Engineer: 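There's a structure below that I have some questions on.
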Amino acid sequence: MDNLVNKTINKLPKDTVNMDDLLNIAVKYFSITKITEDDLYVVKLCVGTHDIIKTETERNPFIEAFCFTSLSKHFMSEDFYIYKELTNEVQELYKINLGIDKSERLLRAQGALYFMMRNNKILQKMLISEYEHNKEFLPFVLTY
């Protein structure tokens with residue numbers, strides 16, 4: 001909390017975060033949780049359990065909170081409709097055979113989803129829009 005107060009209220013220099021680093025965290029909230037008996041991917045926006053814990057050695061709670069709040073706000077919004085973007089990207093996964101073994105296929109699909117969402121222009125626009133709307137109160141400066 002001291003860091004947040006110092007970088008927002010006390011006006012100490014804010015951290016600088018680039019778009020690649022922001023996207024690296026944002027995509028970890030999208031998860032393929034399982035493959036059904038009908039070979040369909042089950043996807044969700046992770047709330048409490050997400051892959052940041054499994055993939056990041058250093059945590060940045062301010063970036064994580066910003067990404068999660070932005071994703072939650074626009075998951076079903078008319079402005080950016082991130083759910084639609086997620087389902088469109090998952091549909092692309094069905095075009096490639098990612099493996100015979102379901103557990104291997106699940107891991108490959110999850111990795112592919114990270115890259116697909118990272119390159120998703122709507123997700124990028126949404127994060128920039130949320131940053132611009134809230135930058136006065138954020139403890140970081142986004143470079144893009």
Side-chain angles (χ1 to χ4, degrees), residues 1 3-8 12-144:
M1 285 304 290
N3 282 337
L4 177 62
V5 169
N6 285 334
K7 292 176 184 175
T8 55
L12 292 180
K14 295 182 177 192
D15 295 335
T16 300
V17 176
N18 66 45
M19 193 62 173
D20 286 337
D21 292 336
L22 189 66
L23 284 165
N24 175 56
I25 298 303
V27 301
K28 306 288 174 61
Y29 286 101
F30 299 104
S31 184
I32 301 175
T33 59
K34 68 179 181 177
I35 301 172
T36 68
E37 292 297 322
D38 298 326
D39 282 335
L40 299 174
Y41 296 118
V42 177
V43 297
K44 72 174 189 170
L45 178 68
C46 296
V47 179
T49 306
H50 47 70
D51 288 340
I52 296 170
I53 295 165
K54 298 176 189 175
T55 58
E56 301 299 319
T57 54
E58 290 186 36
R59 304 285 301 274
N60 190 327
F62 304 125
I63 303 303
E64 293 175 27
F66 171 78
C67 290
F68 177 74
T69 302
S70 300
L71 290 167
S72 297
K73 178 180 177 182
H74 292 289
F75 197 64
M76 299 292 277
S77 76
E78 292 180 19
D79 295 337
F80 296 102
Y81 202 11
I82 297 301
Y83 176 73
K84 179 182 172 199
E85 297 303 311
L86 173 61
T87 56
N88 288 344
E89 299 294 6
V90 169
Q91 289 301 314
E92 289 295 309
L93 292 174
Y94 293 116
K95 296 178 181 180
I96 299 172
N97 185 353
L98 296 173
I100 297 167
D101 180 79
K102 277 191 176 183
S103 63
E104 289 181 14
R105 188 175 353 143
L106 181 61
L107 188 58
R108 288 184 189 112
Q110 183 63 57
L113 183 61
Y114 290 159
F115 279 96
M116 294 167 83
M117 290 307 295
R118 183 196 177 286
N119 292 321
N120 185 285
K121 298 300 182 199
I122 301 297
L123 175 60
Q124 292 174 21
K125 286 178 185 176
M126 182 275 292
L127 290 170
I128 291 169
S129 174
E130 281 300 303
Y131 170 76
E132 290 296 332
H133 186 257
N134 296 295
K135 67 183 175 183
E136 177 183 346
F137 307 106
L138 295 171
F140 63 90
V141 174
L142 179 63
T143 58
Y144 50 95

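Values in this document were obtained by computation on a predicted structure and should not be read as measured data.
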Engineer: Kindly compute the distance separating CG (Leu86) from CD1 (Ile122), expressed to the nearest 0.5 Å.
Structural biologist: 13.5 Å
Engineer: Is the number of heavy atoms from other residues, nucleotides or ligands under 6.0 Å of Tyr94 OH greater than 12?
Structural biologist: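 Yes, the 6.0 Å shell around OH holds more than 12 heavy atoms from other groups.
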Engineer: Nearest 0.5 Å please: distance from the CD atom of Glu130 over to the CG atom of Asp79.
Structural biologist: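 The distance works out to 9.0 Å.
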Engineer: Determine the minimum heavy-atom distance between Pro139 and Lys14, stating which atoms define it.
Structural biologist: O-CB, 3.6 Å
Engineer: Any side-chain heavy atom of Glu56 within less than 4.5 Å of one from Ile25?
Structural biologist: yes
Engineer: Between Tyr131 and Leu142, is there a donor-acceptor pair closer than 3.5 Å when you use the side chain of the first and the backbone of the second?
Structural biologist: yes
Engineer: Suppose we screen for salt bridge (Lys or Arg N to Asp or Glu O under 4.0 Å). Which residues come up paired with Asp20, at least two apart in sequence or across chains?
Structural biologist: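 Here the qualifying residues are Arg118.
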Engineer: Where is the tightest heavy-atom contact between Tyr29 and Cys67, given as atom of each residue plus distance?
Structural biologist: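 The answer is CE1-CB, 4.1 Å.
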Engineer: Identify, with sequence neighbours excluded, every residue that meets side-chain hydrogen bond (donor to acceptor under 3.5 Å, both in side chains) alongside Asp101.
Structural biologist: Ser103
Engineer: Restricting to salt bridge (Lys or Arg N to Asp or Glu O under 4.0 Å), what partner residues turn up for Lys135, sequence neighbours left out?
Structural biologist: Glu132
Engineer: Which residues pass the side-chain hydrogen bond (donor to acceptor under 3.5 Å, both in side chains) test with Ser72, sequence neighbours left out?
Structural biologist: none
Engineer: Name all pairs fulfilling the side-chain hydrogen bond (donor to acceptor under 3.5 Å, both in side chains) condition that reach into residues 33-42, sequence neighbours left out, sorted by first residue then second.
Structural biologist: Asp39-Arg105
Engineer: Who are the side-chain hydrogen bond (donor to acceptor under 3.5 Å, both in side chains) partners of Asn88, not counting sequence neighbours?
Structural biologist: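 For Asn88, no residue satisfies side-chain hydrogen bond (donor to acceptor under 3.5 Å, both in side chains) once neighbours in sequence are set aside.
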Engineer: Please identify each residue that fulfils ring-ring contact (aromatic ring centres under 6.0 Å, His included) with Tyr81, with sequence neighbours left out.
Structural biologist: none
Engineer: Counting only heavy atoms not in Phe75, do more than 12 fall under 6.0 Å of its CZ?
Structural biologist: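 Yes, enclosed.
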Engineer: Would you find a donor on one side and an acceptor on the other, under 3.5 Å apart, between the side chain of Gln110 and the backbone of Phe30?
Structural biologist: yes
Engineer: Look up atom CG in Leu23 and atom NZ in Lys28, then write down how far apart they are to the nearest 0.5 Å.
Structural biologist: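 These two atoms lie 11.0 Å from each other.
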Engineer: Considering residues at least two apart in sequence or located in another chain, which fulfil the salt bridge (Lys or Arg N to Asp or Glu O under 4.0 Å) criterion with Glu64?
Structural biologist: Arg59
Engineer: What distance do Ile32 atom CD1 and Leu93 atom CG have between them, rounded to the nearest 0.5 Å?
Structural biologist: 5.0 Å
Engineer: Any idea which heavy atoms bring Met116 and Glu89 closest together, and the distance?
Structural biologist: CE-O, 2.9 Å
Engineer: What distance separates Asn60 CG from Asn24 CG, expressed to the nearest 0.5 Å?
Structural biologist: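 So the CG of Asn60 and the CG of Asn24 are separated by 11.0 Å.
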Engineer: Once salt bridge (Lys or Arg N to Asp or Glu O under 4.0 Å) is applied, do any residues pair with Lys121, and if so which ones, sequence neighbours excluded?
Structural biologist: none
Engineer: Please examine the side chains of Leu107 and Leu98, heavy atoms only from C-beta on, and report whether any two atoms are closer than 4.5 Å.
Structural biologist: no
Engineer: What are the two closest heavy atoms between Ile82 and Leu123, and how far apart are they?
Structural biologist: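 In terms of heavy atoms, the two residues are closest at CD1-CA, 4.1 Å.
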Engineer: Tell me every residue that passes ring-ring contact (aromatic ring centres under 6.0 Å, His included) with Phe66, counting only those two or more places apart in sequence or in another chain.
Structural biologist: Phe140
Engineer: Can you see which heavy atom on Ala26 is nearest to which on Leu71, and at what distance?
Structural biologist: O-CD1, 3.6 Å
Engineer: For Tyr144, what residues pass the ring-ring contact (aromatic ring centres under 6.0 Å, His included) criterion, not counting sequence neighbours?
Structural biologist: none
Engineer: So, using side-chain hydrogen bond (donor to acceptor under 3.5 Å, both in side chains) as the criterion, who are the partners of Lys84 when residues are at least two apart?
Structural biologist: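 Partners of Lys84 by the side-chain hydrogen bond (donor to acceptor under 3.5 Å, both in side chains) criterion come out as none, since no residue qualifies.
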